[in-house]
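We're numbering straight along the sequence, starting at 1.
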Amino acid sequence: MGNHSRTDLDLARDELLSHIHRCGVLQSTPAQRQEWLEDTVGYLAERHPQLSTEELSELRMIGERFCQPVIPHGRGNTALTMGADQEGETAGVGE
């Protein structure tokens, strides 16, 4: 992997992304995601006390972005239905 030494922020980020994948927060409501993220970043702050306030803010921002993929999660959300609501179309794409 080379000589790149991983920072504490790198380790905390990887841990956060792993938690997001494992816990199912991607299927929750936006309010639930925000609450979960608040709790999880607090937990990571305790696990990584060397992180600065700025790094914890960056970690939270990374988590927020990761939880908002380009194509929304869920069975009814596909590349074909993306943007249909914004253009005034119905969900019957391809009919």
Side-chain angles (χ1 to χ4, degrees):
M1 188 191 259
N3 292 332
H4 175 72
S5 61
R6 294 169 47 86
T7 66
D8 294 323
L9 180 59
D10 292 335
L11 297 172
R13 180 205 59 223
D14 292 349
E15 191 173 344
L16 173 63
L17 299 180
S18 177
H19 283 307
I20 290 170
H21 277 295
R22 286 193 318 250
C23 77
V25 73
L26 296 176
Q27 286 76 36
S28 64
T29 66
Q32 291 170 327
R33 278 194 298 258
Q34 288 300 316
E35 182 179 349
W36 180 90
L37 196 54
E38 178 91 15
D39 292 343
T40 304
V41 170
Y43 165 76
L44 291 171
E46 292 174 10
R47 279 191 43 82
H48 302 276
Q50 65 280 13
L51 293 176
S52 68
T53 303
E54 293 80 20
E55 289 171 319
L56 291 170
S57 294
E58 183 177 346
L59 192 61
R60 182 181 177 89
M61 185 176 61
I62 290 168
E64 288 172 349
R65 286 186 196 160
F66 193 78
C67 286
Q68 297 178 356
V70 176
I71 298 175
H73 299 284
R75 171 167 245 149
N77 297 304
T78 68
L80 295 175
T81 61
M82 197 173 138
D85 292 335
Q86 292 136 347
E87 297 171 9
E89 300 173 7
T90 62
V93 173
E95 290 181 12

> Less than 4.5 Å apart, any side-chain heavy atom of W36 and any of C23?
Replying inline: yes
> Taking all atoms of both residues into account, what is the closest heavy-atom pair of S52 and E55, and its distance?
Replying inline: N-OE1, 2.8 Å
> If you look at every heavy atom in L51 and L9, which pair is closest and at what distance?
Replying inline: CD2-N, 3.7 Å
> Just how far is it from atom CG of L56 to atom CE of M61, taken to the nearest 0.5 Å?
Replying inline: 12.5 Å
>> Working note: E64 + Q34, criterion side-chain contact (heavy atoms from CB on, under 4.5 Å); need CA distance, chi angles, decisive distance, verdict.
In response: CA-CA 8 Å; E64 288 172 349; Q34 288 300 316; 3.4 Å; yes
>> Does any part of the side chain of D14, heavy atoms only, come nearer than 4.5 Å to the side chain of R6, both counted from C-beta?
In response: yes
> Passes ring-ring contact (aromatic ring centres under 6.0 Å, His included), H48 versus Y43? Steps please.
Replying inline: CA-CA 9 Å; H48 302 276; Y43 165 76; 8.5 Å; no
>> Tell me the closest heavy-atom pair linking C67 and L26, and the distance in Å.
In response: CA-CD2, 3.6 Å
>> Are R13 and L17 packed together at the side-chain level, in the sense that at least one heavy-atom pair is separated by less than 4.5 angstrom?
In response: yes
> Do the non-hydrogen side-chain atoms of V25 and L37 ever get within less than 4.5 Å of each other?
Replying inline: no
> Does E38 pair with R60 as a salt bridge, N-O distance under 4.0 Å?
Replying inline: yes
> Is any side-chain heavy atom of E15 closer than 4.5 Å to a side-chain heavy atom of L44?
Replying inline: yes
> For the atom pair OG1 (T29) and CD (E35), what is the distance rounded to the nearest 0.5 Å?
Replying inline: 9.0 Å
